[in-house]
Each structure stands twice: as structure tokens, then as C-alpha cells.
Asker: 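Mind having a look at this structure? Questions to follow.
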Amino acid sequence: MRIGDSTPCYAKTRCQGPRDCNQICFSVSAPDRANWGWGREAMPYVEADGTKLYFEESGYGYPIIFIHEFASDLRGWEAQLRHFSRGYRCVAYNARGYPPSDVPEDALLYGWECAVGDIAAVMRDLSIERAHLVGLSMGGYAALQFGLRYPEKVGVIVAAGVGSGSHPSQRDGWLRESSVLARIFIEHGMVSMAERMARGPARVQLKCKDPKGWREFVVRLRQHSPQGMSNTMARGQALRPSLHDLRDQFSGMVVPVLLAVGDEDVRCLETNLMLKSTLPNAGLWICPNTGHAINLEEPAAFNAQIESFLGAAERGSWRRGFPRTEPRPVLQLHRRAPTAGLGL
């Protein structure tokens, strides 16, 4: 952990003058830092190619790194951090563009490659040689790309809610929508955009299930940086390769993977079926009556699935003896049941 002896220039000067950030009081997992605000004390951070990334960690044991989605930050992992820090060393960080991490003005510093490099930077600065990765949506995409590039650094990957904009039928619309959204974040700001985003067709499920949790999600979303959101959408989201274009690479990735998706997360369903049929060591959990923020909507079920997956992988029994599922033109999954009467 790199924490200065006194308040560094980074902490002192981030919000002097008219900046586009709101006061944010972290922490999810560190009560002694619960009242930290801008410029009061040195914050824990790692450095990724000159960009400072805020992180928190708790617990002891094998490391798990949590990587958040586009519409969230590390605070969205609270239910997971509290649960898994009982038996693991849990690390969560805010991506570049998400205060109190740095918000670079240069949009070129927000590519998907930067997101992959940020995982490596977190591991390097925290002296982590190998870790499990748990990512949601944008974070799940980065985790899968990291697994392709650094398989020796990964224990297992949980990729939840990945695939927005990846399916060939969605691609053109995704590129148009991303361009419009990047501009709207700047023009309208997050206070205007937060509730609109939270009422989307794959978000409203959280409001129905957990109105208080949904309201907290909106409050957090309002605190995001419009500049950071715009640059992340324009570069990290819009220009990332489709997961469908990575089939050949995924077919050779043997890292154990748990894919998790809500059955009402329409943009992601078919891509998850493709990933299941392509990744040789992957399992797929489809959570019923659930949208995009699967970890917020169904935290107990989500945690249970991850815990079961980690246990199987750590015992060496994950998919042991199962025949490989080959990619098929029609996205259908077939598994030979060991005894009659068992479903897929």
C-alpha cells in the first residue's frame, strides 16, 4: 500500500477550483477511512502509467480482485467484500475516470487496453503474483482480456453481465449509442443522467426488488465524473473489440471461468451462450428474473455461486471429466448427464 507520510499534492489539489466532481466519502471495507473526503488525508492508491487508482482492501488469504462496471465503482461490491473478506484478501479499486481515482482529460488514456493494464498495475503495486478476478460488465470484459494476456497471473475469473454491444446484431446500434451517450454525459452532467440510466430496461429490476438499494445506486451514480464517464464510454466501451471476434483466442484459454448473467439482461444473453460454448473451462449461471446488476439484485445467490465455484476450482474439481463443449452454429448447450433425469 502506498500511502504518503503527509497529504500528497494528489490529495490536496484534485478539487481546487471549478471541477466536475462531488464530495465522495469512501469506504466500503475500511471503517477507519469512512469519513475521508477530498484533500483531508493521503488516500491509498496504486499508479498505472501515471494515473493514480484509488483502492481498498480487507481480509487475509488468497487474493480476489473486484473490477466494477461502467455505472458503478468499488462501492457496488460491498456485499461481496463483506462476504469474501472473511476468507480471502479482497481488493477493489476505482477505474480511471472514477473519483477518487484520477480523471485524465486525455480520452486516449481510457482504452480497453488501459483497463487491462490497470489490473496488472494493481497486482504489481500490491505485490500480488496471482489472484482470482471478479468483474461485472465492463470489469468482466477487462478480466477476460487479462486472462487471455496473463493466464499465469489468474487463478479463476468470474465474468458477470459481460457482452453488451458484442453480438453482431447489436454492433452498429452500440456504436451509435455510445457516441451519443459520451456527448450527453458532458452536456447534461451526472445529476441529470443518473436516474435515467437507473431506469433502463436492464436496471429497473433492482428498483422493483430493492428500492432502497436502487436509490443508493442512483446516489452513487450522481457522484461520478461526467468527464470520466464520457471518456470511458467513448474509448473504453465503444472501441473495445466484440467478444465474438475473440472466439479463436477464447477457445484456447484454460483458466476456469464462471459466467453469470441475468435472464432479463437481454443484450448479454446470447454472448454468454457463445462464451460458454467457446471457453473450454467455463460454466454458465443464468439468474432468473434478473437484469444487469446481478450482484446488487441477488447478492446472496451471486455470492453463493462464486463461493461454490471457488471451492470447486481450488479443489481441482471444476468441470473435471466433462467433455468439452464445442462451438455450434446454433447457440444451444448440450451436456451429457451422468444419470437420467438431470437437467442441463
Side-chain angles (χ1 to χ4, degrees), residues 64-67 69 112-113 115-116 119-120 130-171 240-263 265-287 290 292 294-295 302 305-337 343-344:
I64 304 178
I65 299 176
F66 293 87
I67 313 158
E69 63 149 319
W112 64 267
E113 302 95 335
V116 175
I119 301 173
R130 201 160 183 258
H132 299 323
L133 303 182
V134 178
L136 176 64
S137 193
M138 176 179 79
Y141 182 95
L144 289 172
Q145 288 276 20
F146 188 89
L148 286 175
R149 284 156 180 74
Y150 306 104
E152 73 283 359
K153 295 180 179 295
V154 180
V156 305
I157 294 173
V158 177
V162 296
S164 293
S166 279
H167 194 272
S169 66
Q170 302 173 11
R171 199 66 185 160
R240 67 190 183 191
S242 165
L243 292 172
H244 289 257
D245 294 338
L246 302 175
R247 283 186 179 183
D248 289 346
Q249 296 178 56
F250 283 139
S251 66
M253 192 172 91
V254 297
V255 174
V257 176
L258 174 64
L259 303 163
V261 66
D263 66 348
D265 194 2
V266 176
R267 283 185 166 185
C268 298
L269 278 170
E270 290 192 63
T271 295
N272 273 268
L273 291 171
M274 179 278 294
L275 290 170
K276 164 62 187 173
S277 66
T278 303
L279 289 161
N281 207 10
L284 172 60
W285 173 53
I286 301 178
C287 187
T290 299
H292 194 60
I294 186 171
N295 66 313
F302 186 73
Q305 289 290 330
I306 294 177
E307 193 157 34
S308 176
F309 169 54
L310 294 179
E314 290 165 1
R315 290 191 305 270
S317 60
W318 176 250
R319 289 187 54 77
R320 183 173 59 194
F322 288 1
R324 173 172 171 161
T325 304
E326 296 292 340
R328 299 172 183 271
V330 180
L331 293 176
Q332 294 179 336
L333 305 180
H334 301 277
R335 181 180 293 171
R336 190 172 302 163
L344 293 178

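FYI, the numbering just counts along the sequence from 1. Note that the coordinates shown come from a computational prediction; the quantities given were computed from them, not determined experimentally.
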Asker: Could you walk me through whether His244 and His167 pass side chain to side chain contact (heavy atoms under 4.5 Å, CB included), step by step?
Answerer: CA-CA 7 Å; His244 289 257; His167 194 272; 3.9 Å; yes
Asker: Using the test side chain to side chain contact (heavy atoms under 4.5 Å, CB included), find all partners of Glu113 that sit at least two apart in sequence or belong to another chain.
Answerer: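 If we apply the side chain to side chain contact (heavy atoms under 4.5 Å, CB included) test to Glu113, skipping adjacent residues, there are no hits.
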Asker: Ignoring hydrogens, what is the shortest heavy-atom contact between Thr290 and Asp263? Give both atom names and the distance.
Answerer: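 Minimum heavy-atom separation between Thr290 and Asp263: N-OD1, 3.1 Å.
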Asker: Could you tell me the separation between the CG atom of Leu258 and the NZ atom of Lys276, rounded to the nearest 0.5 Å?
Answerer: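 Answer for the CG-NZ pair, Leu258 versus Lys276, is 10.0 Å.
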Asker: Do you know which two heavy atoms are closest between Val261 and Cys268, and how far apart they sit?
Answerer: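 Val261 and Cys268 have their closest heavy atoms at CG2-CB, 3.9 Å.
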Asker: For the atom pair CD (Glu270) and CG (Leu275), what is the distance rounded to the nearest 0.5 Å?
Answerer: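 Taking CD in Glu270 and CG in Leu275, the distance rounds to 12.0 Å.
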Asker: Closest approach of Val116 and Phe146, non-hydrogen atoms and distance?
Answerer: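 The pair with the smallest heavy-atom distance is O-CD1, 3.7 Å.
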Asker: Test of understanding: with ring-ring contact (aromatic ring centres under 6.0 Å, His included), list the residues that count as partners of His292, not counting sequence neighbours.
Answerer: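 Result, ring-ring contact (aromatic ring centres under 6.0 Å, His included) vs His292: none returned.
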Asker: Return the set of residues passing side chain to side chain contact (heavy atoms under 4.5 Å, CB included) with Ala131 (not counting sequence neighbours), or none when no residue passes.
Answerer: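 Scan of Ala131 (side chain to side chain contact (heavy atoms under 4.5 Å, CB included), adjacent residues dropped) gives Pro63, Ile65, Met123, Ile128.
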Asker: How many angstroms lie between CD in Gln249 and CG in Leu243, if you round to the nearest 0.5 Å?
Answerer: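 Nearest 0.5 Å value for the CD-CG distance: 11.0 Å.
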Asker: Output all residues satisfying side chain to side chain contact (heavy atoms under 4.5 Å, CB included) with Asn281, sequence neighbours left out; order by chain, then residue number.
Answerer: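 For Asn281, the residues satisfying side chain to side chain contact (heavy atoms under 4.5 Å, CB included) (neighbours in sequence not counted) are Pro256, Trp318, Arg319.
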Asker: Compare all side-chain heavy atoms of Leu310 with those of Ile64 and state whether any distance is below 4.5 angstrom.
Answerer: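 Yes. Closest side-chain heavy atoms under 4.5 Å.
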Asker: Partners of Phe302 by ring-ring contact (aromatic ring centres under 6.0 Å, His included), sequence neighbours excluded?
Answerer: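 None.
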Asker: Are side-chain heavy atoms of Trp285 and Ile294 found at a separation under 4.5 Å?
Answerer: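 Side-chain contact under 4.5 Å: yes.
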Asker: Who passes salt bridge (Lys or Arg N to Asp or Glu O under 4.0 Å) against Arg267, sequence neighbours left out?
Answerer: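 Applying salt bridge (Lys or Arg N to Asp or Glu O under 4.0 Å) to Arg267 gives Glu177.
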Asker: To the closest 0.5 Å, what do you measure between CG (Leu269) and CD1 (Ile286)?
Answerer: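 Rounded to the nearest 0.5 Å, the CG-CD1 separation comes to 6.0 Å.
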Asker: For Val162 and Asn272, work out which heavy atoms get closest and say how close.
Answerer: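 In terms of heavy atoms, the two residues are closest at O-ND2, 3.0 Å.
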Asker: For Ser308, enumerate each residue passing the side chain to side chain contact (heavy atoms under 4.5 Å, CB included) test, keeping only those at least two apart in sequence or located in another chain.
Answerer: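 By the side chain to side chain contact (heavy atoms under 4.5 Å, CB included) rule, Ser308 matches no residue at all.
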Asker: Sequence neighbours excluded, which residues qualify as side-chain hydrogen bond (donor to acceptor under 3.5 Å, both in side chains) partners of Glu314?
Answerer: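 Only Tyr88, His132 meet the side-chain hydrogen bond (donor to acceptor under 3.5 Å, both in side chains) criterion with Glu314.
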Asker: Can you tell me how far CZ of Arg130 sits from NZ of Lys153, rounded to the nearest 0.5 angstrom?
Answerer: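 Those atoms lie 11.0 Å apart.
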Asker: Which residues pass the side-chain hydrogen bond (donor to acceptor under 3.5 Å, both in side chains) test with Gln145, sequence neighbours left out?
Answerer: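 With sequence neighbours excluded, Gln145 shows a side-chain hydrogen bond (donor to acceptor under 3.5 Å, both in side chains) to Tyr141, Arg149, given in chain and number order.
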Asker: What closest approach, in Å, do Phe309 and Ile157 show between heavy atoms, and which atom pair accounts for it?
Answerer: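 Between these two residues, the closest heavy atoms are CE2-O, 3.6 Å.
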Asker: Using every non-hydrogen atom in the two residues, find where Val255 and Val156 come nearest and quote the distance to one decimal.
Answerer: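 Residues Val255 and Val156, closest heavy atoms: CG1-CA, 4.1 Å.
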